[in-house]
Structures are given as structure tokens and as C-alpha cells.
Amino acid sequence: MKNHYYIDDIIKICTDKHLTVDQIFIDLQEIHPDVWRSSVYRNVEQLSEKWKLKKVTWIGKKAYFEANIWNHIHLIDENTGDIIDLPIENINMDKLPSNFSINNADIKIFWTFS
């Protein structure tokens with residue numbers, strides 16, 4: 001079993017992208033032609049559990065993974081599936097208690113870009 005053998009390449013593949021495990025597998029095959037899909041699933045799940053990848057689920061219950069682990073909002077175009085990361089600091093938080101701090105966020109906004 002090659003756990004952790006592919007982790008650096010998986011993180012690079014997921015940088016500035018939102019990918020399913022199948023998409024990660026296809027990209028990883030270009031670097032490691034002998035990679036097994038089960039190894040990719042195992043490595044991606046372990047990276048997610050250790051907060052090295054962020055796991056995001058939405059429509060269709062598909063899971064997407066990204067290397068952007070900072071707190072942010074996902075803007076999702078319902079027509080194209082395009083995803084844009086928006087820093088959570090861009091949201092007005094004036095009405096929250098003064099001692100409130102965000103430890104983790106999973107905010108998705110679905111709309112149609114025009």
C-alpha cells in the first residue's frame with residue numbers, strides 16, 4: 001500500500017482547483033501511471049482528515065477537494081459548475097457578537113453568473 005506516497009502531488013493538483021477524486025486520479029495518472037484509484041481515494045480522504053485538503057460537498061452529493069484550507073465562501077455558478085473562492089472577510093459580520101470568531105466555515109452560495 002502506498003499511503004502518503006502521492007500526497008505532495010495530490011496537494012499540488014488540488015491547488016487553486018475544486019476537484020473530485022476521479023479528476024484527481026486522472027491528473028495523478030499523468031505523473032504516476034501506475035497509481036490505483038483506491039490509493040487516490042485513501043490518500044485524499046486521509047489528507048482531508050488531517051486538514052491538508054478541504055472536502056466540500058454540494059449538489060449531487062459529489063465531494064470536491066481543494067488545497068485552499070483557509071476559511072472562505074464558495075460562489076457556485078449553477079449553469080457551468082464554476083466555483084470561485086471568496087474570502088470570508090468580504091462578508092459583513094457587524095451584527096455578530098464582538099467576541100465571536102470563526103473557527104471553521106462551510107458556506108456555499110449558488111447563483112447564475114451573468
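Positions are given from 1, in the same order as the sequence printed here. Since this is a predicted model, take the numbers as computed values, not measurements. What's counted below: heavy atoms across the whole structure, side chains too, no hydrogens, waters or symmetry copies.
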With heavy-atom distances below 4.5 Å as the criterion, would you say the side chains of [X] and [Y] are in contact?
| X | Y | result |
| --- | --- | --- |
| Asp22 | Val40 | no |
| Phe25 | Val35 | yes |
| Tyr6 | Leu28 | yes |
| Asp9 | His32 | yes |
| Asn68 | Asp16 | yes |

Value rounded to 0.5 Å, distance of [atom1] in [X] from [atom2] in [Y]:
| X | Y | atom1 | atom2 | result |
| --- | --- | --- | --- | --- |
| Ile10 | Lys52 | CD1 | NZ | 13.0 Å |
| Ile84 | His74 | CD1 | NE2 | 11.0 Å |
| Asn43 | Ser38 | CG | OG | 9.5 Å |
| Thr57 | Tyr64 | OG1 | OH | 10.5 Å |
| Ile73 | Ile88 | CD1 | CD1 | 5.0 Å |
| Lys62 | His18 | NZ | NE2 | 15.0 Å |

Worksheet item: Under a single-linkage definition using a 4.5 Å side-chain heavy-atom cutoff for Ile, Leu, Val, Met, Phe, Trp and Tyr, are Val21 and Ile69 assigned to the same hydrophobic cluster?
Response: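 No, Val21 does not connect to Ile69 through the hydrophobic network.
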Item to complete: Spell out, yes or no, whether Trp36 and Ile31 are grouped together once hydrophobic residues are joined by side-chain heavy atoms under 4.5 Å, including indirect joins.
Response: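 Unlinked, Trp36 and Ile31 end up in two clusters.
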Worksheet item: Any idea which heavy atoms bring Thr112 and Glu78 closest together, and the distance?
Response: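 Of all heavy-atom pairs spanning Thr112 and Glu78, the closest is OG1-OE1, 4.3 Å.
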Worksheet entry | Option passing side chain to side chain contact (heavy atoms under 4.5 Å, CB included) with Glu66 (candidates Leu53, Asp85, Leu19) |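 The residue from Leu53, Asp85, Leu19 that satisfies side chain to side chain contact (heavy atoms under 4.5 Å, CB included) with Glu66 turns out to be Asp85.
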Fill in: Pairing residues for Ser48 by the side-chain contact (heavy atoms from CB on, under 4.5 Å) criterion, not counting sequence neighbours
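With sequence neighbours excluded, Ser48 shows a side-chain contact (heavy atoms from CB on, under 4.5 Å) to Lys55, Phe65, given in chain and number order.
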Item to complete: Would you tell me whether Thr80 and Asp82 have side-chain atoms, one donor and one acceptor, within less than 3.5 Å of each other?
Response: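 Yes, side-chain donor-acceptor contact under 3.5 Å.
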Practice prompt. Could you tell me how the ring of His72 sits relative to the ring of Trp70: parallel (under 30°), tilted (30 to 60°) or perpendicular (over 60°)?
Written response: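 Tilted: the ring planes of His72 and Trp70 meet at 30° to 60°.
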Worksheet item: Donor-acceptor pair, Gln23 side chain versus Thr20 backbone, under 3.5 Å?
Response: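 Present.
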Discussion item. Taking salt bridge (Lys or Arg N to Asp or Glu O under 4.0 Å) as the definition, give me every residue that meets it alongside Lys17, ordered by chain and number, with sequence neighbours left out.
Written reply: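 Testing Lys17 for salt bridge (Lys or Arg N to Asp or Glu O under 4.0 Å), a comparison that skips the adjacent residues, returns none.
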Worksheet entry | Listed partners of Trp51 passing ring pair (Phe, Tyr, Trp, His ring centres under 6.0 Å), at least two apart |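 Per chain and number, Trp51 pairs via ring pair (Phe, Tyr, Trp, His ring centres under 6.0 Å) with no residue.
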Worksheet item: Is the NZ atom of Lys108 crowded by more than 12 outside heavy atoms at less than 6.0 Å?
Response: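 Atom NZ in Lys108 is crowded, with more than 12 foreign heavy atoms closer than 6.0 Å.
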